[in-house]
Amino acid sequence: MTPVKVRQGDAPVILGQPHGGTFVPEDIFARLNETGRAIADTDWHIDRLYDGLLPGATVVHANFHRYVIDANRDPSGRSLYPGQNTTGLVPGTDFDGRPIWRDGRAPDAAEVERRRLAFHAPYHAALAAEVARLRAIHPVVVVYDCHSIRSVIPFLFEGRLPVFNIGNNAGATCSAAMLEAVAGIAAAAARDGLDHVVNGRFRGGWTTRHYGRPETGVHALQMELGQRAYLTDEAAPWTFDAAKAATLRIHLRDMLTAIETIARRAA
């Protein structure tokens with residue numbers, strides 16, 4: 001198993017997918033308890049959902065599960081949301097706050113570092129390489145970070161999450177024009193019963209914050225989707241609902257097209 005899969009394109013947009021993988025090495029799987037082995041906290045079918053929406057987009061997809069190590073967390077272990085419940089670089093619990101390891105404790109610092117070098121670092125080396133490759137072609141490149149999550153998780157947030165959760169870390173990681181274009185399309189999707197929020201509970205993870213440097217020509221935007229918009233149920237077996245997804249994909253295609261257009265015009 002290679003840690004990361006890359007599909008190269010020539011458009012100025014990269015689709016990062018740090019949480020779509022389900023691979024867990026045997027030695028790590030053996031340490032997970034029954035809750036952990038369910039690997040419920042996956043961005044289910046995220047590659048299928050975005051497949052073909054933007055011709056020429058590059059895709060960087062982590063093949064490993066976030067319980068191995070979370071590719072969208074700061075490698076130093078610093079929290080992205082201080083003071084709020086969240087999961088760490090190597091999670092100790094699932095999204096409901098339940099322990100996922102057989103001994104009730106997350107791996108120690110030495111084990112976390114081993115996993116960082118084996119999984120987290122290769123994913124970001126691949127992503128950084130694609131940013132550099134495309135910056136040599138385009139004056140402006142956009143890292144669009146693809147995520148999805150269950151809509152109701154009391155441990156992480158109150159109430160029901162909107163379908164479109166758009167984050168650019170309060171304006172720091174991408175241009176206002178890009179944010180406004182994506183938010184405008186999300187607002188129009190209300191006619192299909194799809195709601196949205198900008199820089200709400202999810203303002204952008206480490207990927208968005210690390211790569212998003214508009215002054216250098218690299219913009220970044222995170223999209224966290226409520227899974228009710230494309231799964232039959234937000235529970236095992238996490239079935240992809242093609243009819244729901246078809247509606248969602250229309251709006252996602254419009255968003256990605258708008259982002260690409262703005263990036264090319266900025267050049």
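Note that the numbering runs from 1 along the sequence shown for the chain.
For Asn168 and Thr173, the side-chain atoms include no donor-acceptor pair closer than 3.5 Å. No hydrogens or angles considered: a donor-acceptor pair under 3.5 Å links the side chains of Thr58 and Arg133. Looking at Tyr211 and His124, their side chains do bring a donor and an acceptor atom within 3.5 Å of each other. Looking only at atom types and distance, the side chain of Asn169 has no donor-acceptor partner in the side chain of Asn199 under 3.5 Å away. Residues Gln227 and Ser151 have side chains that never bring a donor and an acceptor to within less than 3.5 angstrom of each other. For Asp47 and His45, the side-chain atoms include no donor-acceptor pair closer than 3.5 Å.
When hydrophobic clusters are built by joining Ile, Leu, Val, Met, Phe, Trp and Tyr residues whose side-chain heavy atoms come closer than 4.5 Å, directly or via intermediates, Ile250 is not grouped with Leu252. In the hydrophobic clustering of ILVMFWY residues, with side-chain heavy atoms under 4.5 Å counting as a link, Phe240 and Ile46 come out together. Cluster membership check: Ile166 does not share its hydrophobic cluster with Val197, using side-chain heavy-atom separations under 4.5 Å among Ile, Leu, Val, Met, Phe, Trp and Tyr.
In this structure a side-chain-to-backbone donor-acceptor pair under 3.5 Å is missing from Asp195 to Pro162. His138 places a side-chain N or O within 3.5 Å of a backbone atom of Asp10 that can act as its donor or acceptor partner. Checked by atom type and distance alone, the side chain of Asp108 pairs as donor or acceptor with a backbone atom of Ala110 at under 3.5 Å. Side-chain atoms of His65 come within 3.5 Å of backbone atoms of Tyr67 as a donor-acceptor pair (strictly under, hydrogens ignored). The backbone N or O of Gln222 sits nowhere less than 3.5 Å from a side-chain atom of Asp145 that would complete a donor-acceptor pair. Looking at Asp96, its side chain never comes within 3.5 Å of a backbone N or O of Arg98 through a donor-acceptor pair. Using a distance-only test at 3.5 Å, with no hydrogens or angles considered, a donor-acceptor pair links the side chain of Asn72 to the main chain of Thr207. Judged purely by atom type and a 3.5 angstrom limit, Arg73 has no side-chain atom pairing as donor or acceptor with the backbone of Asp70.
The nearest pair of heavy atoms linking Val112 to Pro107 is CG2-O, 3.8 Å. Pairing each heavy atom of Cys174 with each of Leu221, the nearest pair is SG-CD1, 3.9 Å. Of all heavy-atom pairs between Pro18 and Ala62, the closest is O-CB, 3.5 Å. Nearest approach of Val68 to Val24, heavy atoms of both residues: CG2-CA, 4.0 Å. In this structure, Gly92 and Ala106 approach most closely via the heavy-atom pair CA-CB, 4.0 Å. The heavy-atom pair separating Arg135 from Val140 by the smallest distance is NH1-N, 4.4 Å.
Residues Val163 and Arg228 form a side-chain contact, since some pair of their non-hydrogen atoms from C-beta on lies under 4.5 Å apart. Residues Val59 and Gln17 meet the side-chain proximity criterion, which asks for heavy atoms closer than 4.5 Å. In this structure, Arg37 and Phe29 have side chains that are in contact, with non-hydrogen atoms separated by less than 4.5 Å. Using a 4.5 Å heavy-atom cutoff, the side chains of Val90 and Trp101 are in contact. Residues Ile69 and Arg116 are in side-chain contact: their nearest non-hydrogen atoms beyond the backbone lie under 4.5 Å apart. Using a 4.5 Å cut-off on side-chain heavy atoms (C-beta onward), Leu161 and Phe202 make contact. Side-chain contact between Lys244 and Leu231: absent, with no pair of heavy atoms (C-beta onward) separated by less than 4.5 Å. The shortest side-chain heavy-atom distance between Ile259 and Ile262 does not fall under the 4.5 Å cut-off.
Taking the salt bridge (charged side-chain N to carboxylate O under 4.0 Å, His left out) definition, one finds that Glu260 meets it with Arg264, sequence neighbours left out.
Rounded to the nearest 0.5 angstrom, Asp241 CG and Thr232 OG1 are separated by 4.0 Å. His61 NE2 to Thr2 OG1: the interatomic distance, rounded to the nearest 0.5 Å, is 10.0 Å. Summarising the geometry, atom CZ belonging to Arg203 is positioned 13.0 Å from atom CD belonging to Glu224; distances are rounded to the nearest 0.5 Å. One finds the CZ atom of Arg201 at 9.5 Å from the CD1 atom of Ile153 (value rounded to the nearest 0.5 Å). In this structure, OG1 in Thr208 is found 6.0 Å from NE2 in His147, a value given to the nearest 0.5 Å. Here the OG1 atom belonging to Thr22 is positioned 8.5 Å from the CG atom belonging to Asn63, to the nearest 0.5 angstrom.
The environment of Arg213 atom CZ is dense: over 12 non-hydrogen atoms of other residues, nucleotides or ligands sit within 6.0 angstrom. More than 12 heavy atoms of other residues, nucleotides or ligands sit less than 6.0 Å from atom CD of Glu215. No more than 12 heavy atoms of other residues, nucleotides or ligands lie within 6.0 Å of CZ in Arg160, so this atom counts as exposed by the packing criterion.
The pair Asp43-Arg48 does not meet the salt-bridge criterion, since no charged nitrogen lies less than 4.0 angstrom from a carboxylate oxygen.
If you look at Trp44 and His19, their ring centroids are not closer than 6.0 Å. Here Phe64 and Phe119 bring their ring centres to under 6.0 angstrom of each other.
Both tests do not hold together for Arg150 against Phe95: distance to the six-membered ring centre under 6.0 Å, angle to the ring axis within 45°.
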| query | Given Ser148 and Tyr230, is the side-chain hydrogen bond (donor to acceptor under 3.5 Å, both in side chains) satisfied, shown in steps? | reply | CA-CA 10 Å; Ser148 73; Tyr230 73 96; 2.7 Å; yes

| Worked check of side chain to side chain contact (heavy atoms under 4.5 Å, CB included) between Asp192 and His251 | CA-CA 10 Å; Asp192 292 320; His251 303 295; 2.7 Å; yes

| Audit row: Phe164, Met255, side chain to side chain contact (heavy atoms under 4.5 Å, CB included) steps and yes/no | CA-CA 11 Å; Phe164 297 107; Met255 291 174 183; 3.6 Å; yes

| query | Between His120 and Arg115, is a side chain to side chain contact (heavy atoms under 4.5 Å, CB included) present by the stated rule, with each step listed? | reply | CA-CA 7 Å; His120 191 286; Arg115 296 187 197 184; over 6 Å; no

| message | Determine whether Leu256 and Tyr50 satisfy the following criterion, side chain to side chain contact (heavy atoms under 4.5 Å, CB included), listing intermediate values before the conclusion. | response | CA-CA 10 Å; Leu256 293 176; Tyr50 279 92; 4.0 Å; yes

